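So that the names make sense, note that chain A is the first sequence line, chain B the second, and so on, each numbered from 1. Since this is a predicted model, take the numbers as computed values, not measurements.
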Amino acid sequence: MKLKKEDTITSFQFIFLIIQAQVGVGILSMPFSIYTEAGHDGWISVLIGGCVVQVLLILFWILMKRFPSMTLYEILDTTTGIFIGSIIKGLYFIYFVLVGSSILSLFAEMINIWILPLTPRWLLIVLMAGIGIYAVRGPVKFLARFYVFVSFMLIIFVLLVIYSFFEVDYLNILPIGQKGIMPIINGTEKALFSMLGFEMYFIVAPYVNSTSIKKLKSASISNAVVTIFYSFLTLICILFFGLNEFKLVPEPLLYMIKSFSFKVLERIDLLFLSLWIVSVATSYMAYLFAASRGLMSYSKKNKEHTPFVLYAAIPSVLISLIPEGVYKIGEFTTFVTYLSYIFVFGLPVMLLLLSLLTHRKEKQQS
Amino acid sequence: MKTSEMKKKWFLLGTLIMFIVLLTGCWDQRLIKESRLILAAGLDLEANGKILDTVVYPVVNKGSNAVSMIRSVVVSSTGVTTRDARFNLDKKVSQMFDASRNRVFLFGEKLAKKDIYSSLDVIYRDPRGSVNAMVAVVKGSAKKSLEIQPQDSTLLDIYYPELLRSTSAIGLFEIETVQSICTLMFEEGNDFLLPYLRVNEKQQRAEVIGTAMFHHNKMTGTLTGKESTLLLLMNGVKQDYPRFTFKIADEKRVKERNYITILVNDIERKMKIDISPEQKVRVKLALEMDVNVNELPIDHLDSAAKANEFNKTLTKEMNALAKKTLAKIQKANCDELRIGKRIRSFHYADWKQMNWEKDYRNISIEPDIKITIIQHGIIN
């Protein structure tokens, strides 16, 4: 339909695409935000969060199976009609741009706090956006190859964190489930927010040159990897910080790594942050791609998202410059994450119901 | 077509050059030659409630015969907080201070008895704060301890870390850093010990005389070296060379002959916590030590029976020492053995009923130490 035939990715690349979209700017503060709700049972919350994501992925899969070669945007056009479809598409575009700018905002703030206090925020944001624009302008398969390539960094990430096992206290996670089930459920919400990025399934799935069930399999693998990874990170932070110091450190992972020092490398937190920047870039790219792909769907003749990348990147940069200071940025990102209730959980489910009720499906060309 | 491609290339080149200019990080460069690297710091509490901050930094002097000499320079200044004192220091010293490489924090006893968190807050808050610096408490003033000139090393910032590391190896304490004590300061039912130093001005040296017991953020008492070593073993931590010397005889002529020195080879510790329905806590602390006799001028260990005799004497002595030590830590409210944390982890219902702040002093801890001589050096 609207896709160029030659721009496809494999289901193997799809795994990494979703992982890299999920693992991003929030990873540094994720254990903390889960801890504030779930206490030292936070790691269970992450596991439950992973199950919720899996259920959503299955719903997405059912929806996407009915429209194998369409992205979310074309599905909107087919199921809700051109007029309503255009409006919702516009809202999705705004949502993706907002997520992009919250990523940029948080990224610049983190770098400002942790390593470059005197460097102006706008420069950091422009540099990050520049990388994003450069990467997204190419075909999707280039993006996917890049994602696979940088995924080895996640392994270094894990190794750095594993080092902290030398200084942990296993008693910290006991007694399990002491405060009951409610805090764990509340923590799940926070965990879900940090796992956002799996909605890329809607945008990228039609680009995957594979069967529908294989796509679900890939997405499930990435979900499992991310869930276990996050649960592990949360667990290790709890073991390291104990119950009361945890409340003081909003970026526990970084703080933990800062306290280690090797003979050759003294400040490992800098190394860690450099790896993290790549993760931030990949998730920013994913949202930038999603937004520009949305703009493309408005155009009748264009079959490439390339010309639209700038139109998505510029507003995201401008918006990200507005909030200043940790509290304002916090408010802004909380607002954006709450929007995901509508755009990642609400609307897709409604869309699925709508397509099931109206029996709309993509017409098979054969 | 060709010209447009050329244009594109020039544009790319231009962008690249711009990026090189932008990426140099002109805003945040910090050159070592432009800063004074603080490598050791001491904090004291003045009589008027102000903080006295003493820092040591190395200065390289170009000598006359092309040999450059590094020496430590000590300066101090007062302020209402640690950071304020540091600001006042900055006014006195050429170049800016850089405390991110600090190796040692020494607290004066007076300050340690009041609160150490407030003085360290600035380090926890600073992304470049030296959270892996070692921490120790000095009897008297920390300023004095940084003014000595030990002969072991011309640089104090090497002397103190080495001193603490070697003393930790003989089992007096575990090395604590600024970060590791932060967790413990906030934790309930889990306290810590810091090395306790004394300055010997005559010899121009500092010596470790034991450990300072902490409860939350306050120092609440001290232990001698022998007590600290045993406490560490009772806590299940065995460093490389924990040693004890006990008096076993009473001979008047040659006093040296009255003692035995043992080196602990291996330990096995078991802790059992019993809580009665009325929240009476009884802790049974079983500790088995395999030891190596280092020094025994009075006798020879030529038979297993003889070794057994010594086992009995040593066990008796050690148990007496353990009782004394445990009484001391309970009096100081220092839960170094993590009993509170264990109760919280494994008996949460009881924990909720208890007020550990008060109850810890009243629990009964029963040590049961067994010593077995397994080696006696290369002579009998």
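Residue contact with chain B, scored on non-hydrogen atoms closer than 4.5 Å, involves the backbone of A:I115 exclusively. Heavy atoms of B:Y124 lying under 4.5 Å from chain A belong to its backbone as well as its side chain. For chain A, the nearby part of B:R338 is the side chain; its heavy atoms alone come within less than 4.5 Å. Residue A:I113 touches chain B through its backbone alone, counting heavy-atom pairs closer than 4.5 Å. Contact of B:D126 with chain A is made through the backbone alone, with heavy-atom distances under 4.5 Å.
No more than 12 heavy atoms of other residues, nucleotides or ligands lie within 6.0 Å of OH in A:Y134, so this atom counts as exposed by the packing criterion. B:E357 CD: more than 12 foreign heavy atoms inside a 6.0 Å radius. More than 12 heavy atoms of other residues, nucleotides or ligands lie within 6.0 Å of NZ in B:K238, so this atom counts as buried by the packing criterion. Within a 6.0 Å radius of OH in A:Y311, no more than 12 heavy atoms belonging to other residues, nucleotides or ligands are found.
Once rounded to the nearest 0.5 Å, the distance linking CG of B:N132 with NZ of A:K258 reads 8.0 Å. With values rounded to the nearest 0.5 angstrom, A:F246 atom CZ is found 12.0 Å from B:E187 atom CD.
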- Would you sort out whether A:D169 and B:N190 count as a side chain to side chain contact (heavy atoms under 4.5 Å, CB included), showing the intermediate values? CA-CA 11 Å; A:D169 183 352; B:N190 189 4; 4.0 Å; yes
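The shortest heavy-atom contact between B:T183 and A:G242 is CG2-N, 4.2 Å. When every heavy atom of B:P127 is checked against every heavy atom of A:D269, the shortest pair comes out as O-OD2, 4.3 Å.
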